[in-house]
Amino acid sequence: MNRSIRIAFAAVALAVAVGAVPILAGTAQAQEERVIRMVVGEQKTMSFSGAYQVSVGSPSVADVKSLGADSFLLYAVGGGRTTLLVMRRGKPNLTFTIVVTQEDVKSLMAEVKKLLGDREGITIRPVGDRVILDGLAFTSDDFNRVQEITNLYPQVKSFVKVNPNAKKLVANQLNLAFKQAGLKDVEASVVGTKIFLEGSVESKEELQKAEMITKAIGEQVENLLTVGIKRMVLVEVDFVEVKKTGRDNVGITWPLDFTGTAVHTIQFQHNMLSNAITLAQQDLNTSGSTNFGLGFIFTDGYGRYLAQPKLVCASGEKAEFHAGGEVPIPLITANTIEVEFKKFGVLLTITPTADRHGNIQMSVMSEVSDIDPSIGINIDNITIPGFRVSKAQTNVTVRHGQTIVLSGLFWTSEEKNLSKVPGFGHIPIIGELFKSREFVEKKSELTIFVTPRIVNPDTPKILKMISDIKSRYKRAKGEVGFGIFD
């Protein structure tokens, strides 16, 4: 086949087939339309007035065939790029760039859209003879689908990345699912573009449960879980309480209120042989009391209480501590009488959960209580005491060995009692001799310190505690034994 075709006439002809390219010169649009895109095997019928020679740069990409007059047939041979030169009499020559692809870009985009489906965050656009995928994939499944499409179609180029925020959302969903399934020591975390499962499970059944949860969510993860014993956590708690009581009594209490009793008894003796009544004995007993006081006294009292419970428990498990006693409280109904025991003293309930990074999350409930008869009640000659309670409940997260203050409770009470002689007590200055004042002040301050540590049986802290307890036991054994200096 000849690469050039000479056309011997100059008649004006129009394009007669779809895909004919009109002549637009002198504008930017003409420059843009001088790119002819074709698919391998596609044909185009073209016609230019005054054309006498048409040539193609690379016959392996595209070629031409004369149709008579000034028309010719352009058809794509193979993929690539080449140029088409159209020479005309009395007019400027025309140059076209021919881009031949293996497949039509529009149809390729339609196929890619079908394969992607309704996946959010991914955009499709044509660039030249290629299809470009761009955006952020929300799941690993979306990202893997993009990779499969690029492997299937060489003309598809991907710039898609995994959305890091989407990974975090998936990790949060996994952590919530693990918690609901009872896997408290399993944690999903995001590192780069991957999700890792860290922590430990107690059995292979729990390991299979964690794998089933990840498959149900449809996310690929790196499983770093270990099957073994849970971590142990030592929790040191310090209950520090300081109490102060003060009672000031100033003034004179006069004897104005008399109280007492009077008893009069008479005994009669009756003679059975006569009707005479003889008085045998008659007694009259009286007693009375009143108050008189001269007060110039100031009383202060201090108290310090310290409890230092130490609890060792498995990560994720609950531990309880109680130092004090129990008070029986009767529960009386129409048919039964039951007794319920109410705890008082120092109570502590704690649930620590430790991760691999040294963070310890704790759910803590602490309580310090004492019996207070002044706020008790009496029902059917049964006295039920009251309780004065200081309580704190919270959730905190600290690092290994850090100390946190859970609560600092300050309680104060002030009372004033005044007694005076009517009339005289209202006289200025002199009236102070007929008055008595009593001031009562009570203060209490409670602070709770908590220090958790991740330990094992060989931790120096545990070994020291065991050594101290053994040494105390040995000292106590010597103190309770016989000694000549007792």
Engineer: Apply side-chain contact (heavy atoms from CB on, under 4.5 Å) to K113 and I124, showing your working.
Structural biologist: CA-CA 8 Å; K113 287 181 179 179; I124 306 174; 3.3 Å; yes
Engineer: With salt bridge (charged side-chain N to carboxylate O under 4.0 Å, His left out) as the test, would you mind laying out the steps for E340 and K342 before giving the verdict?
Structural biologist: CA-CA 6 Å; E340 178 180 337; K342 170 67 176 178; over 6 Å; no
Engineer: I need the single residue from L347, V237, V346 that forms a side-chain contact (heavy atoms from CB on, under 4.5 Å) with F321. Which is it?
Structural biologist: V346
Engineer: Looking only at heavy atoms, which two atoms of K91 and S49 are closest? And how far apart?
Structural biologist: NZ-OG, 3.1 Å
Engineer: With a 6.0 Å cut-off (strictly less than), is the heavy-atom count around NZ of K310, excluding the residue itself, greater than 12?
Structural biologist: yes
Engineer: Between V56 and T82, is there a side-chain heavy-atom distance shorter than 4.5 Å?
Structural biologist: yes
Engineer: I would like to know whether C313 and M232 meet side-chain contact (heavy atoms from CB on, under 4.5 Å); could you show each step before the answer?
Structural biologist: CA-CA 6 Å; C313 60; M232 306 302 292; 5.7 Å; no
Engineer: Centres of the F96 and F48 rings: under 6.0 Å?
Structural biologist: yes
Engineer: Could you measure the distance from the CD1 atom of I350 to the CD atom of E317? Nearest 0.5 Å is fine.
Structural biologist: 13.5 Å
Engineer: Please report the interatomic distance CZ(F178) to CG(L225), rounded to the nearest 0.5 Å.
Structural biologist: 7.0 Å
Engineer: Looking only at non-hydrogen atoms, find the nearest pair between Q402 and P452 and report the distance.
Structural biologist: O-CD, 3.3 Å
Engineer: For a quick check under 3.5 Å, do S47 and S71 share a side-chain donor-acceptor pair by atom type?
Structural biologist: yes
Engineer: Decide, yes or no, whether a salt bridge links E206 with K204 under the criterion of side-chain N to carboxylate O below 4.0 Å.
Structural biologist: no
Engineer: Just to verify, which of K391, K343, R388 counts as forming a salt bridge (Lys or Arg N to Asp or Glu O under 4.0 Å) with E367?
Structural biologist: K391
Engineer: With a 4.5 Å cut-off on side-chain heavy atoms, are F387 and D370 touching?
Structural biologist: no
Engineer: Considering only heavy atoms from C-beta outward, does the side chain of V327 approach that of I371 to under 4.5 Å?
Structural biologist: yes
Engineer: Give me the atom names and distance for the closest heavy-atom approach of V389 to S369.
Structural biologist: CG2-CB, 3.7 Å
Engineer: Could you go step by step and tell me if M87 and Y52 meet the side-chain contact (heavy atoms from CB on, under 4.5 Å) rule?
Structural biologist: CA-CA 6 Å; M87 303 178 69; Y52 68 91; 3.2 Å; yes
Engineer: Indicate yes or no for a side-chain donor-acceptor contact from T123 to the backbone of D134 under 3.5 Å, with no hydrogens or angles considered.
Structural biologist: yes
Engineer: Side chains of T214 and L174, heavy atoms from C-beta outward: is any pair under 4.5 Å?
Structural biologist: yes
Engineer: When rounded to the nearest 0.5 angstrom, what is the spacing between OG in S158 and CD1 in I122?
Structural biologist: 8.0 Å
Engineer: Is a donor from one side chain sitting under 3.5 angstrom from an acceptor on the other, for N359 and T397?
Structural biologist: no
Engineer: Salt bridge between K209 and E211, side-chain N to carboxylate O under 4.0 Å?
Structural biologist: no
Engineer: I need the minimum non-hydrogen distance between F449 and T403, along with the two atoms involved.
Structural biologist: CB-CG2, 4.1 Å
Engineer: Would you say the side chain of V235 lies within less than 4.5 Å of the side chain of V364, judging by non-hydrogen atoms?
Structural biologist: no
Engineer: With rounding to the nearest 0.5 angstrom, report the CD1 to CD1 distance, I384 to I375.
Structural biologist: 13.0 Å
Engineer: Between atom CZ of R130 and atom CG of L133, what is the distance when rounded to the nearest 0.5 Å?
Structural biologist: 12.0 Å
Engineer: As an exercise, state the distance from CE of M362 to CG of N395, rounded to the nearest 0.5 Å.
Structural biologist: 9.5 Å
Engineer: Could you go through L207 and N223, starting from their C-alpha distance and side-chain angles, then the distance that decides it, and tell me whether this counts as side-chain contact (heavy atoms from CB on, under 4.5 Å)?
Structural biologist: CA-CA 10 Å; L207 181 62; N223 193 342; 3.9 Å; yes
Engineer: Looking at every non-hydrogen atom in both residues, tell me the closest pair between I195 and A171 and how far apart they are.
Structural biologist: CD1-N, 4.3 Å
Engineer: Please check if the side chain of R145 supplies one atom and the backbone of I149 the other of a donor-acceptor pair under 3.5 Å.
Structural biologist: no
Engineer: Quick one: are L348 and E320 in side-chain contact, heavy atoms under 4.5 Å?
Structural biologist: no
Engineer: So V86 and N93, do their side chains get closer than 4.5 Å, heavy atoms only?
Structural biologist: no
Engineer: Might you point out which heavy atoms bring V233 and A354 nearest each other, and give the distance in Å?
Structural biologist: CG2-CB, 4.1 Å
Engineer: When you check the gap from the basic side-chain N to the acidic O, do D468 and R472 get nearer than 4.0 Å?
Structural biologist: no
Engineer: Would E236 and K461 satisfy salt bridge (charged side-chain N to carboxylate O under 4.0 Å, His left out), going step by step from the backbone distance to the final call?
Structural biologist: CA-CA 11 Å; E236 299 176 299; K461 188 77 174 178; 3.5 Å; yes
Engineer: For a 4.5 angstrom cut-off between non-hydrogen side-chain atoms, does R81 reach I98?
Structural biologist: no
